[in-house]
Each structure stands twice: as structure tokens, then as C-alpha cells.
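I have a structure I would like to understand better, so I am pasting it below and will then ask my questions one at a time.
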2 protein chains.
Amino acid sequence: MKLKFGRKVISVEEARSVLSEYVKLTETEIVPLSAAFNRRLAGDIYADHPVPHFRRSGVDGYAVCAADIEEASPDNPAILRVIEHIPSGTVPELTVYSGSASRIMTGAPVPDGADCVVMLEMTDALPLLDAGVSSTQVCIKKNVPMGSNITPIAGEIVAQELLLPQGSQIGPGEAAILATFGYSYVTVFRKPRVAIFSTGSELLNVEEALQPGRIRNSNSYMLAAQVEAAGGEAVIMQALSDNVEEVEIALLETLAKVDLVITSGGVSVGDYDVLVDLFGRFAGKLLFNKVAMRPGTPTSAAFWENRLLLSLSGNPGASFVGFELFAKPLIKAMSGSPSPCPEAMTAYLDVDYDKGSAFPRYVRGTTHVENGCLRVKPSGIDKSSIMVSIKDADCLIQLPAGGSGFARGERVLIYPIK
Amino acid sequence: MKLKFGRKVISVEEARSVLSEYVKLTETEIVPLSAAFNRRLAGDIYADHPVPHFRRSGVDGYAVCAADIEEASPDNPAILRVIEHIPSGTVPELTVYSGSASRIMTGAPVPDGADCVVMLEMTDALPLLDAGVSSTQVCIKKNVPMGSNITPIAGEIVAQELLLPQGSQIGPGEAAILATFGYSYVTVFRKPRVAIFSTGSELLNVEEALQPGRIRNSNSYMLAAQVEAAGGEAVIMQALSDNVEEVEIALLETLAKVDLVITSGGVSVGDYDVLVDLFGRFAGKLLFNKVAMRPGTPTSAAFWENRLLLSLSGNPGASFVGFELFAKPLIKAMSGSPSPCPEAMTAYLDVDYDKGSAFPRYVRGTTHVENGCLRVKPSGIDKSSIMVSIKDADCLIQLPAGGSGFARGERVLIYPIK
């Protein structure tokens, strides 16, 4: 048996804090807006012009002088001469003076002189033959106050206003803002490249036929899907052997090419736990190798060749949880997220959970809302395969250490993961 | 003024139901598993082998005959001869008989003859010099029942079990299952291609300099981000003019190339509402042109050239809501989702909302969980720009028609949109 060096246990929070000290933002890159969805902005975005940048009509109708229609009613309409038609996208040429009106479309610039717009529904247009020139007059049947249906310049957004802070993730709303301000290209953080290694000589590649005593490598694909959901670019590597020299070479080669290396398996203290052996001989700095959590107590991390190496437990459930707790915040932080750790929420436990634990437990959970209350139950308690139940999880339930379990209806903290 | 043809109002539910009759699944395509994340499976996935496919040890320890250790205790250890070491990934060569044990790793196949595995922690290994041959014996210090720490064949998954039904979206858990069963390539539905048109001669392309009376086209980018979030492939088209002949040509050309066409703007009854004019003259079938909802009452849809054309209101808030209510379910259904419409949840309104409405209102909302309860407030009620508040929405709040508004603390239905 190889040397089992002592392990100092630290909390999940401490482990996250240690890791966060080594996070480096990726460099920035410029991409077309239409290819930038879900990416994060590399700088603050300020308004370089007000919105609207002209007095904008909010309705279809007539731009008039409010003083002209103060007394207007269905029985006593104000009759005004229509001097111009202003479709949206055009610029009015004429000033509206007392006694006149301009027909105006939603979104079009309100002409000088006009100080309110009356909705079409409150008007009647009448042909007017005036000195042989075809023209129009309009009856305004309602008085509206000055300013009605006009959005003033900067009524929505003031120039120089901060619109989107650095790190904002570009969703539909952000895309609309960026387009409005002319960002056909945006500067975003590059997606962190994350190499994924599984360990164990029992692992077959996914395309290989099944063999006695061996299983296909599934953790790497699970982790790759998690990496992409976190905003990273996953690189699935050939599974690591149980030979520590080979592992050292493979990891060193890879560390130089990516932003983060994640391994699964090989971190407990069995004969063939190759990452344990590696950490006993490598030139990097071991950050921690035991975390006060179940599953995944032997989760380890190192800083090596200027890169982070995160080593998760090999069990699929432990790998999944370890990724969500440690790798996802790293990837989000590297790609610019200002709040990479999910916020805790309170939920009601929907079933009894009778397992106590010496360490806090992070249980994969499935939430639903019932009558306005958030309820949660452990995922897959009715399933015999951990792996099959991973797809059902939408949160991690944090159960404190100690005790003999938790009763249905107790309030627990959960961390959303979708 | 052009003819304003009569509009028959239908409910959101009816509109969705009408649209769903015209949904066609996209064709299928085969993609590498690592490129298939978030796509939907085109067929059911069954287990073609049991999991585990061999009797698997759940711990590091010794595989023994339970009968040999029935009386074992620290004071009275059972002493067994170690006949083999079984790393995971190998196949045991020797049968464990009474009086013998095999050292076994987590995940390795349990040898024939053995009917339980004792954890390493409950054993002591001792060197044994036997007739000049170096060998090992092990002291077992605890009895464990038959079957302990062995997962039987099919203990997790039975062969022929349905693992993932058609339409499942491939996330981390699904990826792990697919890898386990050798799916290095998966058959998924092609992403629906969705063409996006905005209408209005006031629209500038995003890369153009601002001009008096004109604004940049932001709806198209917002909708494109929504399309991609829904699982589609967005194709942003040049904005449509106000000329109905040109619009007809542009739409006809595009309908032949995509799975769905979405327009924003041009559906109300103003002078330049070009989609209204188009629906009055085109050879397609108008499905509806008025929906009992605010915003977006004039939302329209047509079936034309064997494709769906969905025409949303032009206001950014109305476009956003109309997309979520109608386009997202279409895109999800086309790409294989078995439940394309989001399920309603109950939440507590967090502020007074004093606007009644003749039609049900779909208000962009922002949720948070407080003490286990889901609370929601309209997004951006403190903001002067609708567009700026779109990014804050994570649900639609459905407020029934009528009345004079809703009070803080009332329960409302919400539909998550993220």
C-alpha cells in the first residue's frame, strides 16, 4: 500500500474561496452580436445617445397644439387643417402652428410646434376642397393634455446611462439593448476551455464494444454537458490510466492548452487512486484534498503550471455534485460572471430524508412549486441507478451535518443548478 | 385609409391549439454525442445490456464467502488466504473458495464463489511465508451479510428498460446514459430554422449610424436570442419595407427555406401596417389575427406555402411576450419536445398592480423565493424603458381579464421563461 498522506478537511465555502483566488478571466474577443448570445460582456456598455433621440409619437393619430383642443368634445370638435403626413422613419418638414395638425404614425418624430398627439380613434378626417387644392381637415373630438402620447427625448434612456455592466450575459433583453446602440460586434470574454479526464483502466471509450469487467466512460460526457451549460468549451480527453507517470505527462501536456483541467476518479485512498499518487509527487501546489461534504469528500484541487486542476470523485453522483459546487463557479468566473455561485433559496422538503451525516450533504434535488411554495425532494430516491436519476436534478439540497435526518415539511436550503 | 377587415378574437389557448395543428417535426440527423447537448432525441433509447453487466464491488476490500466470516470480530478475526488481486477493469481468474479471499477494488467484478465484499477498513493484511512462496493472508474483523457491497447484475438497470423517451433533451444526465450505452453518435431532430423579420421603414441595420427619426432594428436580435434559447437556429433577415408587394416577395422566398417565419410589427391597423395588407391579399390561410391578450392583441398567424408565419406586435415588450407564448412552443414542438408549453405555477404577487384589462394580461415578471414561497413582480415597473427591462424577466405573469387590478399578496399564475 502506498503512503496515505494526512488530509486536512476544509468546508465547501473555504474550498470555493481558495479556488476563487486562482481564477483568471479569459482574454476578450470580438464576435458578431448574432453569435454572442449567452456570452458575457467584457466591458460596461453605456448609452451613447438618448432613447428616443427624437420626440416620438406613441400612437397613430394627429400631432396638434394642445391649446387648440382644450375645449374639444364630440359635440364641439376642434377642426384643424392637416398640413403633413409623417410616417415613421421620416422627418417632419413642417411646423404645426395653431389651427393645423399633422397626421402621424406610431414611432414617428413629432413635428416642431406640436405638443401632444391625439389618437386616431378620437378624430374624424374629412376631405376639404380648398381653393381647388385637395386637402384634409380633421375633427378632434376630445381634449388631451399637453405632452400626451409624446415620449420626450431621453424619456426612456438618458445618454451616458450605464445600460449593461461588464459580465452581463447576453440574453434577449441584452441583445435588444446592444442592437439599439449599434453593437453589431461585441467584445466578450472567450469561453474557457475545459479539459475533462476520467480515470480508471476499466473505462472503455464510448464507441467501444462492451467487455467483461469494463464499462464505458460516461462521466466525461456528463461533465462535458455540464461544462457547456456553465458557458465553457469542453474538451473530452482520453481516459487516464492507473500509471502515475503517464498521468503526469498527459496532464502537463493538457494544462498548457486549456484554462481548467477537471478529472473524475482516482482521488480516494485505494491502491489505484492515481491522482492521490500524483499529488504526492508533482511540482504543483495542492490546494485541498478533502472537503467536508458528502458525496465527494476526497475532492481535490491543485494549482499547477499556472492552471487550476480540479479532481472530482469518480462516482457519477459525486462527480456531478462536485462539478456544480466547484467547477461551475470557476467557469462562470473565468468567463466574466460577477456572481458565479448560485444563491441559496429556501424550500420545503417534500419527503422524509433519514440519513444523517458527519459532513454536510449535497443531495441532487428536484423542485416543484405547489400553491406558491417551493418544494423539493431528492432526485431518484425511487431509482436504483444514481446515473439514471442525474437527469432529474434541478438543484442541490444542502443538508447540514449531524442529526439523524430530516422530516418532510422541514425547510432546507437549495442551490438551483439549471 | 385601407379596408380594416373584421377581426375575430380568440384566446391564447385557442391560438396555441390552432398553431399546434400545423407543427411538423423537423427531420432527424445524426450528430456526435459531444455535439448533441441540448438537442432532442429522435427515438426512444432502451438499455441493450444490464447495468452493471457483471457483479460489481461497491467498495475497496476483500471478496469472500459470507459463511467464512459469520463469527468474525476484532477479537476473533477470520483468517483467509488471499488468492488474487482484482483491479477494476480486469476479469478475475480464480474462484474464491471457503478459506480464501480476493483483494478487490471499487468497481471491479466480484469473483465467482465470493458472495460478499468486506471493506478494507475492516481488515488487516499480513505477509505469509508459505513453503517458500511469498503470499498474503487477511484478517477479517467483522462479519457482513451475504450480498454486502455487491451490486448484482442488472441491479441498476435491467436490459430492455426504457432509459430515455423520444424528445428527451440531452443534458448532463442524459449524456451519461447515452455514453454508458455506447451512443457515440445520436439521432436527434434538426434544429428548426427560424427566419426573423422586423417591419418598418424607420428601422436601420444595427451597423448603421443613427439618423433623424430612425432607430436601429433591435427586435430582430431580441427574437434571435429567444429563438436560440428555444432550441432553434435564428436567421436574421433584412427588415421589411412598408411596400406590400416587396414584403410578399421577401416572405415567399424565405418561407421555402426555413421551418418558421416570425415577423414583428405591421399587424395593427395603422396606415402602414403592411402585414395586415398582406393578409388581405395573400394566397395563404390566415389562422388568426386577434388574440385576447395584452400586450399583443393584433398577433396574427398564417399557414402559407406549407409553413407557419407568425406575426407579432412591433412593440419590444409585445414581441417578447408573443414569442414566449406562441413561437417558443412551436420551436420546441418542431424539435421534438413532448411538452412544449411551460407549465403554470402559482406565485404571490409582490406589489400592487392596478391596471385592469379587457383581455388577460401577460406581464413580464421577475421571481424570487422568500422563505420557501415564490414571489413575483412585474419586471421594470421602476424603469422608463420597456426594452431595458426585458432582460429582467424570468416569467410571464398571467393576469385574468376584468377588474381594477391586483393586490400585493394575491396569488397569480406564472409561466417560467428561462
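Convention: sequence-line order gives letters A, B, ...; per-chain numbering from 1.
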* Which atom pair, heavy atoms only, marks the closest approach of F37(B) to Y221(A)? ->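 Between these two residues, the closest heavy atoms are CZ-O, 3.7 Å.
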* Contact winner vs chain B - I414(A), T346(A), V412(A), heavy-atom pairs under 4.5 Å ->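 Option with the top pair count is T346(A).
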* 4.5 Å side-chain heavy-atom contact, R411(B) and N371(A) ->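 Sidechains of N371(A) and R411(B): in contact.
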* Which bit of V388(A) is near chain B, if near means a heavy-atom gap under 4.5 Å: side chain, backbone, both or neither? ->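 Both parts, backbone and side chain.
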* Asked: Which one of V91(B), I177(B), I390(B) has the most heavy-atom pairs closer than 4.5 Å to chain A?
  ->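 Among V91(B), I177(B), I390(B), the one with the most close pairs to chain A is I177(B).
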* Please report the shortest heavy-atom distance between T180(A) and R216(B), naming the atom on each side. =>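 Smallest interatomic distance, heavy atoms only, reads O-NH1, 2.9 Å.
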* To do: Could you tell me which of G89(A), A224(A), G155(A), S34(A) has the largest number of non-hydrogen atom pairs under 4.5 Å with chain B?
  =>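 Of the options given, most contacts go to G89(A).
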* Residue selection (most heavy-atom pairs with chain B, distance under 4.5 Å) from P87(A), A175(A), A176(A) ->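 Most heavy-atom pairs under 4.5 Å with chain B: A176(A).
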* By a 4.5 Å heavy-atom criterion (distance strictly below it), what part of P316(A) contacts chain B: side chain, backbone, both, or neither? ->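 Neither; nothing under 4.5 Å.
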* Identify which of V376(A), L210(A), L164(A) forms the greatest number of heavy-atom pairs closer than 4.5 Å to chain B. =>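 Most pairs with chain B among the choices: L210(A).
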* Heavy-atom contact with chain B under 4.5 Å, split by part of P109(A) ->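 The side chain, not the backbone.
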* Asked: Between atom OG of S218(A) and atom OH of Y183(B), what is the distance when rounded to the nearest 0.5 Å?
  ->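 Nearest 0.5 Å value for the OG-OH distance: 14.5 Å.
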* Contacting region of Q169(A) [heavy-atom separation from chain B under 4.5 Å] ->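 Contact with chain B involves no heavy atom of Q169(A) at all.
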* Asked: Which residues from residues 48-57 of chain A are near chain B, with near meaning under 4.5 Å between non-hydrogen atoms?
  ->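 Result: H49(A), H53(A), F54(A).
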* Do N38(A) and E228(B) have side chains that get closer than 4.5 Å, going by heavy atoms? ->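 No, side chains not in contact.
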* Positions in residues 201-209 of chain A that reach chain B, provided some heavy atom is under 4.5 Å away ->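 Within residues 201-209 of chain A, the residues under 4.5 Å from chain B are S201(A), E202(A), V206(A), E207(A).
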